[in-house]
Amino acid sequence: MQRLPEQFFEHQTLELAEKLLGKIFVRRISDTVELKGRIVETEAYCGEFDEACHAWRGKTARNSMMFNKPGMLYVYFTYGNHYMLNIVSEPENIPGAVLIRAMEPVEGEAFMQKQRGTMVATALLSGPGKLTKAFAINGDCNGKDLFSSEFFLENAPEIPQNAIATGSRIGITKSRELQWRKYILNNPHVSKARGS
DNA sequence: AGCGTGATCTTT
DNA sequence: AAGATCACGCTG
C-alpha cells in the first residue's frame, strides 16, 4: 500500500480537508500492534481571518506547530480531558491545520476497544476526543510528522464529490458561518452534532 | 440538559 | 492574580 508523500499535504487547508477523506491514518504502536483508521470527517482551521482558528491572533506557545511544515501533527489538550489531533497544512510560517474529527476502524480494533472501554464499533473513533484516546495519542505526539515508521497515511481511492457533505464546524462559537466541515455522507462513524 | 476538568488566553 | 473560555464526552 502506497504511503502519501509530503507533496500530498501541500494544498490549501480547505482543499486538504476534502482530500484527506477516505485516506488511512496509521500508527504503529509496537512491532506487533498497528492501528489503522479511515478518515471520514475533517474540519479546516486556517489563518488570521478565521476567528475560530487558534492562530488567528498570531503565534503562541500552544499554536506554534500550526506554523510548521505541512504533514506534521498538531496535538493539543482541551476541556481538561481531551487531546485533539490535527494535520498541519499551508507552507511554513503560514498557520493552518485540519482537525481529524472521526475515523472508521480498519485495523487494531482490540487495542482501540481497550483504550475506549467499549466494544461498539461506531463508538470507537466517532469524535475527535474519542479517536485520540483510541490511538493513544497525547501531547507527546505534538510535532511528530506523517513520514516516519510510527505515523503515516496510506493512500486510498478519492471520495467522489457527490459523497462528500459540507457544513459548519462543530463546537465553536466564532466564525460559525464558514462551511469548513467535511464528512462522508451516510457514514455511521461520523460524529454526532453536539446536543443531538 | 448538565457537569467535570485543567491548560491557555484575556483582562485587571 | 483572577476570571473566562474551550475544535469534548459522559451521564441522566
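Below, chain A is the first sequence line, B the second, and so on; all start at residue 1.
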Just checking A:Arg116: base, sugar-phosphate only, or nothing, at a heavy-atom cut-off of under 4.0 Å? sugar-phosphate

B/S/- along nucleotides 5-12 of chain B (protein heavy atoms under 4.0 Å) is BB-SSS--

Would you mind reading off the distance between [X] atom [atom1] and [N] atom [atom2], rounded to a whole angstrom?
| X | N | atom1 | atom2 | answer |
| --- | --- | --- | --- | --- |
| A:Trp56 | C:dC6 | CH2 | P | 11 Å |
| A:Arg169 | C:dC8 | CZ | C1' | 16 Å |
| A:Lys174 | C:dA7 | NZ | P | 8 Å |
| A:His82 | C:dG9 | NE2 | C1' | 5 Å |

All side chain to side chain contact (heavy atoms under 4.5 Å, CB included) counterparts of [X], not counting sequence neighbours:
| X | result |
| --- | --- |
| A:Glu6 | A:Phe147 |
| A:Val88 | A:Met65, A:Met72, A:Tyr74 |
| A:Asp50 | A:Tyr45, A:Ala52, A:Cys53, A:Arg169, A:Ser175, A:Leu178, A:Trp180 |
| A:Thr13 | A:Ala44, A:Cys46, A:Ser89, A:Glu90, A:Val98 |

For DNA chain B, please output the secondary structure as dot-bracket, reading 5' to 3'. Pairs are Watson-Crick or G-U wobble, both atom distances under 3.5 Å; mark crossing pairs with [ ], other-strand partners with |, unpaired with a dot. ||||.||||||.

Checking A:Glu41 against A:Arg181 for the salt bridge (Lys or Arg N to Asp or Glu O under 4.0 Å) test, could you report, in this order, the C-alpha distance in whole Å, the side-chain angles of both residues, the deciding distance, and whether it holds? CA-CA 8 Å; A:Glu41 180 182 0; A:Arg181 174 175 178 241; 2.8 Å; yes

What residues in residues 37-46 of chain A put a non-hydrogen atom under 4.0 Å from any atom of DNA chain C? A:Tyr45

Contact check, residues 127-138 of chain A vs DNA chain C, heavy-atom distance under 4.0 Å, returns A:Gly127, A:Pro128, A:Gly129, A:Lys130

Fellow cluster residues of A:Met119, listed by chain then number, with links counted only when side-chain atoms sit under 4.5 Å apart: none

Donor-acceptor contacts under 3.5 Å from residues 148-157 of chain A side chains, at least two apart:
residue  : atom : partner  : partner atom : Å
A:Ser148 : OG   : A:Glu150 : N            : 3.1
A:Ser148 : OG   : A:Phe151 : N            : 3.1
A:Glu150 : OE1  : A:Lys144 : NZ           : 3.0
A:Glu150 : OE2  : A:Arg27  : NE           : 3.4
A:Glu150 : OE2  : A:Arg27  : NH2          : 2.8
A:Glu154 : OE2  : A:Lys36  : NZ           : 2.9
A:Asn155 : ND2  : A:Gln2   : OE1          : 3.2

ring-ring contact (aromatic ring centres under 6.0 Å, His included) partners of residues 84-137 of chain A, not counting sequence neighbours, each pair once: A:Phe25-A:Phe135

Taking only residues at least two apart or on different chains, which pairs with a member in residues 61-73 of chain A satisfy side-chain hydrogen bond (donor to acceptor under 3.5 Å, both in side chains)? A:Thr60-A:Asn63

